[in-house]
Amino acid sequence: KQEVTQIPAALSVPEGENLVLNCSFTDSAIYNLQWFRQDPGKGLTSLLLIQSSQREQTSGRLNASLDKSSGRSTLYIAASQPGDSATYLCAVFSGGGADGLTFGKGTHLIIQP
Amino acid sequence: GAGVSQTPSNKVTEKGKYVELRCDPISGHTALYWYRQSLGQGPEFLIYFQGTGAADDSGLPNDRFFAVRPEGSVSTLKIQRTERGDSAVYLCASSPTGWETQYFGPGTRLLVL
């Protein structure tokens with residue numbers, strides 16, 4: 001059974017810092033990996049999707065990398081802003097009959113003004 | 001265009017009652033998913049529809065939970081004989097064919113008293 005772990009569970013940093021969120025998964029046979037953002041009391045917003053054949057994806061100040069063989073992904077946030085404060089969730093899609101996403105518990109991020 | 005919508009946004013019910021939760025996916029998306037998110041946890045997969053049929057219902061916790069999507073668009077998640085442990089946020093997501101980014105609705109917050 002696929003398991004996804006996110007470290008750290010919580011992180012508080014001053015505005016302007018670059019930071020890295022970590023995600024690991026136990027079964028490397030994935031089809032893709034997504035990073036989501038969740039604001040309090042809200043649904044999930046997709047940030048980046050990396051296909052299993054890709055090494056990284058970039059969107060603005062966000063960069064996500066994937067090392068499928070070692071079961072790891074990182075989300076890099078450059079020049080953090082208070083508006084980046086949210087919970088960040090990593091999810092893997094295995095496909096092939098396992099048709100739902102498997103999520104980690106998330107990293108709760110606070111950017112101090 | 002319109003995103004995924006869910007109704008109601010909040011539902012309070014008493015133990016033992018029956019509830020229905022509705023999801024309107026993005027128009028044209030054939031894949032629809034239901035997830036359940038408990039406090040402090042990542043979403044957990046419940047069921048996946050491809051068109052009108054439930055392609056994977058392996059995440060439904062027991063036979064009190066049932067979902068339908070009769071015309072391949074709107075879906076309803078039905079919970080019979082609700083229990084306090086059913087209290088959670090129920091999230092719906094859709095994607096164009098099931099192999100791409102999943103787009104999430106805002107969720108229905110269910111509280112069973």
Side-chain angles (χ1 to χ4, degrees), chain A residues 1-10 21-26 30-54 57 59 62 64 73 75 86-108, chain B residues 2-7 9-10 21 23-26 29-51 53-61 67 88-111:
Chain A
K1 179 186 173 185
Q2 180 74 270
E3 293 183 0
V4 178
T5 302
Q6 292 188 245
I7 295 173
L21 308 182
N22 296 290
C23 171
S24 62
F25 46 95
T26 55
I30 66 169
Y31 183 79
N32 62 44
L33 181 146
Q34 277 187 260
W35 282 93
F36 292 89
R37 168 187 173 137
Q38 186 171 32
D39 293 282
K42 306 289 187 182
L44 279 65
T45 300
S46 180
L47 298 173
L48 290 163
L49 179 146
I50 310 178
Q51 300 291 352
S52 62
S53 58
Q54 297 175 317
Q57 280 285 344
S59 176
L62 305 179
S73 176
L75 179 67
T87 295
Y88 290 80
L89 292 155
C90 168
V92 298
F93 178 62
S94 298
D99 293 300
L101 293 171
T102 302
F103 283 85
K105 291 184 179 181
T107 293
H108 181 55
Chain B
V4 178
S5 62
Q6 293 186 244
T7 55
S9 54
N10 293 280
L21 312 179
C23 172
D24 279 90
I26 293 172
H29 283 192
T30 63
L32 184 146
Y33 309 80
W34 284 97
Y35 295 84
R36 178 169 71 173
Q37 186 175 25
S38 300
L39 195 62
Q41 304 294 314
E44 293 181 315
F45 169 73
L46 295 177
I47 187 169
Y48 158 61
F49 286 91
Q50 183 57 250
D56 181 0
D57 64 359
S58 62
L60 294 177
V89 176
Y90 290 81
L91 295 164
C92 176
S94 70
S95 79
T97 67
W99 293 89
E100 314 88 347
T101 299
Q102 293 187 21
Y103 298 91
F104 280 76
T108 293
R109 284 152 191 77
L110 176 65
L111 177 61

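Model, not experiment: these values are computed from the prediction. In what follows, every chain begins at residue 1, and chains take the letters A, B, ... in the order their sequences are listed.
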**OP:** Would you please classify the geometry between the Phe36(A) ring and the Phe103(A) ring as parallel, tilted or perpendicular, with 30° and 60° separating the classes?
**Re:** tilted

Subject >> Ring centroid separation Trp99(B) to Phe93(A) under 6.0 Å >> reply: yes

Original post:
What option among Cys90(A), Gly104(A), Gly41(A) has the most heavy-atom pairs under 4.5 Å with chain B?
Top reply: Gly41(A)

**OP:** Using distance alone, with no hydrogens and no angle criterion, decide if Thr26(A) and Glu3(A) have a side-chain donor and acceptor under 3.5 Å apart.
**Re:** no

Original post:
If you count heavy-atom pairs under 4.5 Å between each of Val4(A), Leu44(A), Leu49(A) and chain B, which one has the most?
Top reply: Leu44(A)

Original post:
Considering only heavy atoms, which portion of Gln102(B) lies under 4.5 Å from any heavy atom of chain A: side chain, backbone, both, or neither?
Top reply: both

Original post:
What residue in Lys42(A), Gln34(A), Gln51(A), His108(A) has the most heavy-atom pairs under 4.5 Å with chain B?
Top reply: Gln34(A)

Original post:
Which atoms of Leu89(A) come close to chain B, meaning under 4.5 Å heavy atom to heavy atom: side chain ones, backbone ones, both, or neither?
Top reply: side chain

Subject >> Region of Gln38(A) in contact with chain B, defined by heavy-atom distances below 4.5 Å >> reply: side chain

Original post:
Are side-chain heavy atoms of Tyr48(B) and Ser58(B) found at a separation under 4.5 Å?
Top reply: no

Subject >> Where Tyr35(B) and Ala93(B) come nearest, the two heavy atoms and their spacing >> reply: CE1-CB, 4.4 Å

